[in-house]
Structure formats: C-alpha cells, structure tokens
Amino acid sequence: MKYNILHRLKEASPGCVSGGELGKLFGVSRTAVWKYIEELRQEGYLIEASSRKGYRLLPSFEKLNSYEIADGLGTVIVGRAVEYYDTVDSTNNLAKKLAAEGCVAGTAVVAGRQTAGRGRLGRNWESPAGKGIYVSVVLRPDMAPAETQILTLAAAVAAADALKEATGVGTGIKWPNDLVIEGKKVCGILLEMSSEADKVNYIVLGIGINFSQDREDFPDELKNRAVSLRMSAQAKDPAEIKQFSKLSVIRAVLFKLDEVIRQISDGRREDILERWRKYSVTLGRTVSFKLQGIEYSGTAVDITPDGKLSVDCLDGVRRDLYSGEVSVSGIYY
Ligand code: BT5
C-alpha cells in the first residue's frame with residue numbers, strides 16, 4: 001500500500017495530493033495515509049506535508065526497494081513481482097522457497113546483503129552489505145531439464161548486455177557463464193532447478209555482481225581474481241565514465257533477462273548463441289579440464305546448439321563439455 005501512495009505522489013510531483021484524495025483512492029482512512037507517509041519517510045523519502053494542500057514528494061537520493069526496482073520496468077515476465085530485503089541468507093534460497101510455494105513466474109528476489117551467498121558445487125559467493133548486487137529470478141520454462149543449458153548461457157549474455165548498457169563497462173564471458181573483466185571475475189551466475197524426469201518445475205537463476213568493492217574489500221584469495229564495476233569504471237578514461245547506480249544496474253539486468261527469456265520461448269536460441277560467441281573469452285583459447293579424473297587440454301573451438309563447449313584436445317579428439325570447470329589461459333581462476 002505504501003508504494004501505491006508513493007506512486008501517486010510521484011505522478012503528481014512536483015504538485016501535491018491531499019490526504020483525503022489518497023484515502024479515497026486506496027480505500028483507507030486519512031490516519032492510515034499518514035502512517036504510510038511516515039513509513040515512506042523512514043525509508044528516506046522526503047515528503048512535505050501541508051494542512052491546506054496535502055502531501056508533496058521532494059527530490060531525494062535514490063532508494064533501493066521493490067517499488068523502485070519494478071516501477072515502469074517494461075518487462076513481460078521478469079519482475080512481475082519483486083521482493084527486496086536488506087539481508088537474506090541467499091536470494092536463491094528465498095526464491096526457491098517462493099517458487100515451491102507457487103509464486104508467479106518472473107518473481108525477483110533482490111537483497112542488499114547475503115549471509116550465506118552460494119556459488120556452484122557448494123562454493124561460497126562473497127556478498128558484503130551494500131557493495132554487491134544479489135538477484136534471483138524464478139522461471140517456469142516449458143522445457144525438459146536437459147535443455148536448460150541455454151538458459152545458463154542466456155543469463156550470461158543478458159548480464160553482459162545489461163552491464164554494458166547501464167555502466168559502459170565491457171565484460172567477457174568465460175564458459176559457461178562467468179563474467180570477467182581483464183581476466184578477473186565481476187559476476188557469477190547460479191542456476192538451480194526443481195524438475196521431474198522430463199519436465200522442469202521451476203528454475204531459480206541467481207546473479208551476483210560486484211558493484212562497488214575496492215580491491216581491499218575482497219578477501220586475500222580473491223584480491224587478484226575478482227573485480228567490481230566501480231574498480232573497472234575508475235580505471236577508464238574519466239571522459240568515458242558513465243554515471244550509474246545500483247538501481248539502474250539491477251533494472252537493466254532484469255530487463256535484459258526478460259528479453260532473452262522471451263527469445264528462447266520464441267525459438268530464437270541461435271541469436272543467443274551468436275551473442276554468447278561474441279562475448280566469449282573462452283573460444284579460440286587454450287583450455288584445460290578434467291573428465292573422469294583425467295586431465296585434458298586443447299583449444300576451445302565452438303559452442304554447440306545445446307550449449308556444450310567443443311574442445312579440440314591435444315590427443316586429436318574433439319570433446320564436448322556439458323558442465324564443470326575449465327581453466328582458460330589468461331583468466332586468473
Ligand atoms: C558462481 O559460482 O560464480 C555463482 C555465484 C552466484 C551468486 C549469486 S548472488 C545471488 C544468488 N544467491 C546466491 O546464494 N547465489 C547467487 P562459482 O562458479 O562456483 O564461483 C564461486 C567462486 O568464485 C568461489 O569459490 C570464489 O573463488 C569466487 N568468488 C566468491 N565470491 C566472489 C566474488 N564476490 N567475486 C568474484 N569471485 C568470487
């Protein structure tokens with residue numbers, strides 16, 4: 001309700017809206033309106049009140065909440081519902097819980113901090129308060145579990161597009177879906193799924209982006225392997241630096257994610273693979289990986305239509321990798 005009131009105040013800004021009008025519009029008493037206005041003020045919105053004219057929203061610093069993330073986003077699926085929390089254990093955990101309870105497809109969970117942010121294979125994702133972006137989106141695609149690799153690639157393409165558009169910072173994709181800047185990781189993606197033999201029940205797509213960390217903010221083991229958008233923007237020519245905020249990056253990620261998901265359901269997978277190839281920092285490089293305990297290395301030559309990485313190995317055999325880890329020359333982890 002408070003965000004409905006905020007929305008009306010924004011529409012009327014810089015004009016005023018009376019408490020009576022707000023009450024009538026939303027079917028609540030003037031006292032209730034006043035309480036919601038107080039709640040908005042506590043969130044940091046500057047709202048002037050005059051007994052004659054009513055309430056007026058004044059310009060204030062950008063806020064991060066479900067309303068600001070979702071308002072006018074222009075998406076079809078992603079962000080149909082948005083939940084924002086200051087602290088969660090993991091946005092993926094919360095999104096999975098909401099998905100199991102039947103939330104609408106496209107529900108996005110965003111947090112300011114994670115106390116147990118997760119990577120793949122039980123690894124952790126450093127998620128300090130205020131310095132990173134932590135987003136998870138619930139999807140209910142009509143596909144078989146074996147087909148979902150395209151979503152992993154699509155999420156990476158969407159994130160790379162979003163970062164470029166919102167911040168001007170260019171990234172490359174390390175297969176399958178890590179975003180890197182000059183060999184250091186700026187964004188990681190975690191896809192988790194609940195499925196039956198031939199049908200996906202839901203997917204939770206988690207995206208973690210390092211936003212404003214400085215080198216000292218990362219733990220020692222990540223200092224040479226991780227980077228934030230701010231570090232990377234500061235290293236650029238000042239004339240090229242674009243002003244960007246956390247809110248603008250989150251909205252861009254949701255917007256681009258919506259686009260790629262609709263492309264997939266429209267059967268335009270090849271477009272996504274083509275964009276993935278352009279962003280790839282893996283193709284054409286020497287890579288090494290382990291399969292059933294045996295170490296291989298070779299040149300990554302292409303991505304298959306179902307998202308596997310084709311590697312021409314030194315023993316003359318071409319191997320297609322579905323998942324797992326590859327080390328890529330020139331990338332520091
Ligand atoms: C990933 O795993 O890269 C997936 C990360 C997904 C995080 C998001 S945040 C929102 C959502 N909620 C969650 O709980 N998770 C998702 P992986 O490829 O396994 O990489 C993990 C490894 O990256 C760790 O073992 C570290 O070496 C490194 N790492 C951890 N935190 C990092 C950070 N903030 N920046 C760069 N590298 C990091």
Side-chain angles (χ1 to χ4, degrees), residues 64 69 78 82-99 107-139 149 151-153 155-156 158-160 162-163 169 171-193 202-232 246 249-250 253-254 257 281-282 289 309 321 323-328 331-333:
L64 204 50
I69 293 168
V78 175
V82 174
E83 299 205 1
Y84 178 83
Y85 299 88
D86 287 332
T87 303
V88 295
D89 59 351
S90 149
T91 53
N92 263 40
N93 289 355
L94 190 51
K96 282 201 281 189
K97 182 170 168 279
L98 295 175
T107 296
V109 176
V110 184
R113 164 180 178 238
Q114 299 186 116
T115 53
R118 291 188 289 111
R120 294 173 298 158
L121 309 168
R123 292 186 288 240
N124 85 312
W125 184 256
E126 288 293 324
S127 310
K131 306 218 163 182
I133 289 174
Y134 317 110
V135 180
S136 297
V137 176
V138 176
L139 301 173
Q149 174 80 341
L151 281 172
T152 306
L153 305 182
L163 296 189
V169 173
T171 56
I173 304 175
K174 174 182 177 269
W175 184 81
N177 60 357
D178 288 342
L179 264 54
V180 299
I181 300 171
E182 289 170 12
K184 298 181 180 181
K185 187 155 162 176
V186 66
C187 165
I189 297 175
L190 174 67
L191 184 142
E192 295 183 296
M193 150 165 76
Y202 63 79
I203 279 180
V204 168
L205 202 55
I207 303 182
I209 300 169
N210 297 326
F211 182 78
S212 58
Q213 289 97 332
D214 292 317
R215 189 169 181 276
E216 303 71 55
D217 292 325
F218 290 108
D220 285 347
E221 71 277 13
L222 291 182
K223 282 194 168 49
N224 294 323
R225 300 194 289 145
V227 69
S228 72
L229 291 173
R230 183 159 88 184
M231 285 160 71
S232 159
K246 211 186 247 185
V249 175
I250 294 171
V253 167
L254 296 179
L257 215 46
V281 290
T282 306
F289 58 91
L309 183 70
L321 307 181
S323 65
E325 301 295 305
V326 292
S327 313
V328 181
I331 294 185
Y332 311 130
Y333 60 91

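As the structure lists them, so they are numbered: ligands from 1, and atoms in each ligand from 1. The structure presented is a predicted model; accordingly, all values stated were derived computationally and were not measured.
When each atom of ligand 1 is checked for a heavy atom of Thr91 under 4.0 Å away, the hits are 10 (C), 11 (C), 12 (N). Listed by number with element, the atoms of ligand 1 under 4.0 Å from a non-hydrogen atom of Val135 are 10 (C). Taking every non-hydrogen atom of Gly117 and a distance limit under 4.0 Å, the qualifying atoms of ligand 1 come out as 14 (O). Short contacts between ligand 1 and Gly208, defined as distances under 4.0 Å to a heavy atom of the residue, involve ligand atoms 7 (C), 8 (C), 9 (S). Taking every heavy atom of Arg118 and a limit of under 4.0 angstrom, the matching atoms of ligand 1 come to 5 (C), 6 (C), 7 (C), 13 (C), 14 (O), 15 (N), 16 (C). In the vicinity of Asn210, heavy-atom distances shorter than 4.0 Å reach the ligand 1 atoms 33 (C), 34 (N), 35 (N), 36 (C). Numbered from 1 in the order shown, with element, the atoms of ligand 1 that lie under 4.0 Å from a heavy atom of Ala226 read 35 (N), 36 (C).
Counting heavy atoms under 4.0 Å from ligand 1, residue Ser136 touches it through the side chain alone.
Residues that satisfy the side-chain contact (heavy atoms from CB on, under 4.5 Å) test with Ala95, not counting sequence neighbours, are Val109, Ser136, Val138, Val204. By the side-chain contact (heavy atoms from CB on, under 4.5 Å) test, Asp214 pairs with Glu216, Asp217, Arg230, sequence neighbours left out.
Of the protein's non-hydrogen atoms, the one nearest atom 12 (N) of ligand 1 is Gln114 OE1, 2.9 Å. Looking from atom 26 (C) of ligand 1 to the surrounding protein, the closest heavy atom is Leu222 CD2, 3.8 Å. Scanning all protein heavy atoms for the shortest distance to atom 37 (N) of ligand 1 gives Trp125 CZ3, 3.7 Å. For atom 1 (C) of ligand 1, the nearest protein heavy atom (residue, atom name, distance) is Lys185 NZ, 3.8 Å. In terms of protein heavy-atom proximity, atom 25 (O) of ligand 1 is closest to Arg123 CD, 3.3 Å. Nearest protein heavy-atom neighbour of atom 31 (N) of ligand 1: Glu126 N, 2.9 Å. Scanning the protein for heavy atoms near atom 24 (C) of ligand 1, the closest one is Asn124 O, 3.4 Å.
In terms of heavy atoms, Thr91 sits closest to Val88 at N-CG2, 3.7 Å. Taking both residues in full, the closest heavy atoms of Gly130 and Lys246 are given as O-NZ, 2.5 Å, listed atom of the first, atom of the second, then distance. The shortest heavy-atom contact between Gly119 and Leu190 is O-CD1, 3.6 Å. Nearest approach of Val137 to Ala108, heavy atoms of both residues: CG2-CB, 4.2 Å.
In the displayed structure, Glu182 atom CD is contacted under 6.0 Å by at most 12 heavy atoms of other residues, nucleotides or ligands. The local environment of NZ in Lys223 is crowded, with over 12 non-hydrogen atoms from other residues, nucleotides or ligands closer than 6.0 Å.
By the 4.0 Å heavy-atom criterion, Leu121 is excluded from the residues contacting ligand 1. Close to ligand 1: Arg225, with a non-hydrogen atom less than 4.0 angstrom away.
Between Pro219 and Glu126 the shortest side-chain heavy-atom distance falls below 4.5 Å.
Of the N or O atoms in Tyr134, none lie within a sub-3.5 Å distance of an N or O in ligand 1.
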**OP:** Run the numbers on Val186 and Leu229 for side-chain contact (heavy atoms from CB on, under 4.5 Å), then give the verdict.
**Re:** CA-CA 7 Å; Val186 66; Leu229 291 173; 4.1 Å; yes
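A salt bridge between Glu83 and Lys97 is absent, with no side-chain N of the basic residue lying under 4.0 Å from a carboxylate O of the acidic one.
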